[in-house]
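Here is the structure we will look at, set down as structure tokens.
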Amino acid sequence: MDTAASRVAAAADTTARRAESAAGSVAKRGGWTDASVLGFIGANNAGEVRESQLAEKKATNPAVKKFAQQLVTEHRALALEMRSLAQKL
């Protein structure tokens, strides 16, 4: 049965597999550097923004829409902070 919960679980599983794959690739190239950590976090953060935007668009529950918008706002703020930090490296 296709339910919202099953779709969320599938998306989380896909995201986790991508993160594990990316982490393995970095390890094969000699390990984590400050720049690779920021890049990894930035890519995951961008994914959180996209998923939250989708949740905001598709949700029918006003509380879910509000929470999704809050996540978009917070993750965009995090992206700005990360850019600032990256310039200091």
Side-chain angles (χ1 to χ4, degrees):
M1 180 181 345
D2 184 32
T3 65
S6 67
R7 289 190 301 271
V8 168
D13 185 51
T14 299
T15 301
R17 278 187 272 123
R18 286 180 183 159
E20 288 173 15
S21 176
S25 295
V26 169
K28 288 178 186 174
R29 290 192 307 262
W32 292 94
T33 64
D34 290 344
S36 65
V37 169
L38 279 177
F40 182 78
I41 293 170
N44 280 300
N45 191 56
E48 291 287 336
V49 170
R50 286 189 305 273
E51 290 169 355
S52 297
Q53 288 171 325
L54 180 62
E56 182 182 11
K57 179 180 176 183
K58 298 283 186 174
T60 57
N61 183 317
V64 173
K65 285 183 176 282
K66 183 178 179 181
F67 182 66
Q69 180 55 48
Q70 178 184 347
L71 288 175
V72 169
T73 300
E74 290 175 359
H75 282 279
R76 284 184 175 160
L78 177 61
L80 291 174
E81 290 179 41
M82 286 176 42
R83 284 186 200 119
S84 174
L85 179 59
Q87 290 175 350
K88 296 175 184 176
L89 294 178

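Every heavy atom of this structure was used, including side-chain atoms; hydrogens, water molecules and symmetry mates were not.
Residue His75 is tested with Leu71, Val72, Thr73 for a side chain to side chain contact (heavy atoms under 4.5 Å, CB included); the sole match is Leu71.
No side-chain donor-acceptor contact under 3.5 Å links Ser36 to the backbone of Trp32.
Note: the hydrophobic cluster containing Val37 also contains Phe40 (ILVMFWY, side chain heavy atoms under 4.5 Å, direct or indirect links).
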Pairs under 3.5 angstrom only: tabulate donor-acceptor contacts from the side chains of residues 76-89 to other protein residues two or more places apart or in another chain.
none

Without placing hydrogens or testing angles, list every side-chain donor-acceptor pair under 3.5 Å for residues 53-62, not counting sequence neighbours.
{"residue": "Asn61", "atom": "OD1", "partner": "Ala63", "partner atom": "N", "Å": "2.7"}

